[in-house]
Amino acid sequence: MTLTTAIKITANRVGLLETNVSFKDRSRDYLNIIAKRIGTRAKWNWLHKATTFNTTADTQTYQLATDVLTPHSFTDQSNNQPLGIVGWDVLDLADPDRGETGDVDVVTIEGVDASTGRILVRLYPIPSTSDDVIRYRYLAYIPDWTSSDDSTELDRWIPEWLQPALIFGATELYKQEKGDYEGALTDRAEYETGIKSALDINLNVQGNREWHRGRGGPVSSFWPQEGGLTAAG
């Protein structure tokens with residue numbers, strides 16, 4: 001389903017024609033609102049992502065990707081080194097004048113860039129070389145769709161089984177605007193049904209493994225590095 005199709009269905013369910021530019025734009029606005037609501041409803045498996053950025057010598061702060069909601073972990077891929085995430089106080093105590101350079105050990109979340117709104121991270125020590133690859137995992141969100149996205153398949157942002165819920169959520173808001181509160185309640189129920197099914201699917205993403213509350217998983221937290229262990233004499 002393309003965004004255009006979702007816009008058409010949304011407008012038509014409210015009794016409006018999507019050929020009217022105002023109705024079309026309003027439908028897209030409501031679809032954007034519901035996409036944010038869905039995205040923050042759970043830690044969806046389909047919103048877990050990973051990407052990289054390259055260091056620049058003597059540069060300590062970096063912007064993360066535009067769709068980062070919550071960073072999860074960082075690794076200096078070039079130097080085979082997992083990076084800890086620490087708070088501001090720890091970094092200030094370790095390097096008050098922010099002058100130490102070398103291979104990166106830790107990362108702190110600085111906030112957001114004042115111009116772009118993207119999340120900023122600070123590396124410590126300041127990278128002394130360029131083009132080291134820093135890989136990070138994060139929980140993403142769905143950025144606002146614009147008219148330039150209308151011909152794009154929604155699968156790019158949201159899985160097929162959640163797209164009906166997206167539409168019912170948008171029509172609920174549109175019907176509320178038009179004073180059709182009974183119709184809005186019906187669409188709200190359809191929205192919640194779609195969300196519940198998606199939450200069940202989200203629990204099963206790990207295949208046939210079963211998870212138990214209060215117990216550790218099957219993966220050890222000890223990972224010996226190559227050459228890090230030697231036989232006792």
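All values reported here derive from a predicted model rather than from experimental measurement.
Residues passing the salt bridge (charged side-chain N to carboxylate O under 4.0 Å, His left out) test with Arg98, sequence neighbours excluded: Asp92. With sequence neighbours excluded, no residue forms a side chain to side chain donor-acceptor pair (under 3.5 Å) with Thr186. Take Asp150 and apply the side chain to side chain donor-acceptor pair (under 3.5 Å) test, not counting sequence neighbours, and it matches Arg28. Looking at residues two or more places apart in sequence or on another chain, you find no ring pair (Phe, Tyr, Trp, His ring centres under 6.0 Å) involving Tyr191. Every residue meeting the salt bridge (charged side-chain N to carboxylate O under 4.0 Å, His left out) condition with Arg37, not counting sequence neighbours, appears here in chain and number order: Glu172. A search for ring pair (Phe, Tyr, Trp, His ring centres under 6.0 Å) contacts involving Tyr62 returns Phe53, not counting sequence neighbours. Looking at residues two or more places apart in sequence or on another chain, you find no ring pair (Phe, Tyr, Trp, His ring centres under 6.0 Å) involving Tyr124. In this view, Glu192 and Arg41, Arg188 satisfy the side chain to side chain donor-acceptor pair (under 3.5 Å) rule, not counting sequence neighbours. Residues satisfying the side chain to side chain donor-acceptor pair (under 3.5 Å) test with Thr5, not counting sequence neighbours, are Thr2.
Within a 6.0 Å radius of NZ in Lys196, no more than 12 heavy atoms belonging to other residues, nucleotides or ligands are found. When the shell of 6.0 Å around NE2 of His72 is examined, it contains 12 or fewer heavy atoms from other residues, nucleotides or ligands. Other residues, nucleotides and ligands contribute more than 12 heavy atoms inside 6.0 Å of the CZ atom of Arg118.
Residues Pro127 and Thr56 fail the side-chain proximity criterion, which asks for heavy atoms closer than 4.5 Å. Side-chain contact check for Tyr136 versus Thr51: some heavy-atom pair is nearer than 4.5 Å. Counting heavy atoms from C-beta on, the side chains of Ile34 and Leu173 come closer than 4.5 Å. Residues Gln81 and Thr75 are not in side-chain contact: their nearest non-hydrogen atoms beyond the backbone lie 4.5 Å or more apart.
Salt-bridge formation is detected for the pair Arg26/Glu177: a Lys NZ or Arg NE/NH1/NH2 atom is positioned less than 4.0 Å from an Asp or Glu carboxylate oxygen.
At a cut-off of 3.5 Å, with distance as the only test, a side-chain donor of Asp76 or Asn79 sits close to an acceptor on the other residue. A donor-acceptor contact closer than 3.5 angstrom links the side chains of Gln63 and Thr116.
Applying the ring pair (Phe, Tyr, Trp, His ring centres under 6.0 Å) test to every pair with at least one member in residues 6-47, sequence neighbours left out, gives these pairs: Tyr30-Tyr174, Trp44-Trp46. For the side-chain hydrogen bond (donor to acceptor under 3.5 Å, both in side chains) condition, the pairs that include at least one residue of residues 8-20, sequence neighbours left out, are Asn12-Glu18, Arg13-Asp187.
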Thr129 vs Asp132, side-chain hydrogen bond (donor to acceptor under 3.5 Å, both in side chains): CA-CA, chis, key distance, verdict = CA-CA 7 Å; Thr129 58; Asp132 282 349; 3.1 Å; yes
Step by step, work out the side chain to side chain contact (heavy atoms under 4.5 Å, CB included) result for Phe168 and Thr171.
-> CA-CA 5 Å; Phe168 282 121; Thr171 56; 4.3 Å; yes
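Between Leu123 and the choices Val107, Thr108, Leu91, the side chain to side chain contact (heavy atoms under 4.5 Å, CB included) rule is met once, by Val107.
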For residues 157-164, which side-chain N or O atoms pair as donor and acceptor with protein atoms under 3.5 Å away, sequence neighbours left out?
{"residue": "Gln163", "atom": "NE2", "partner": "Asp155", "partner atom": "OD1", "Å": "2.7"}
{"residue": "Gln163", "atom": "NE2", "partner": "Ile158", "partner atom": "O", "Å": "3.1"}

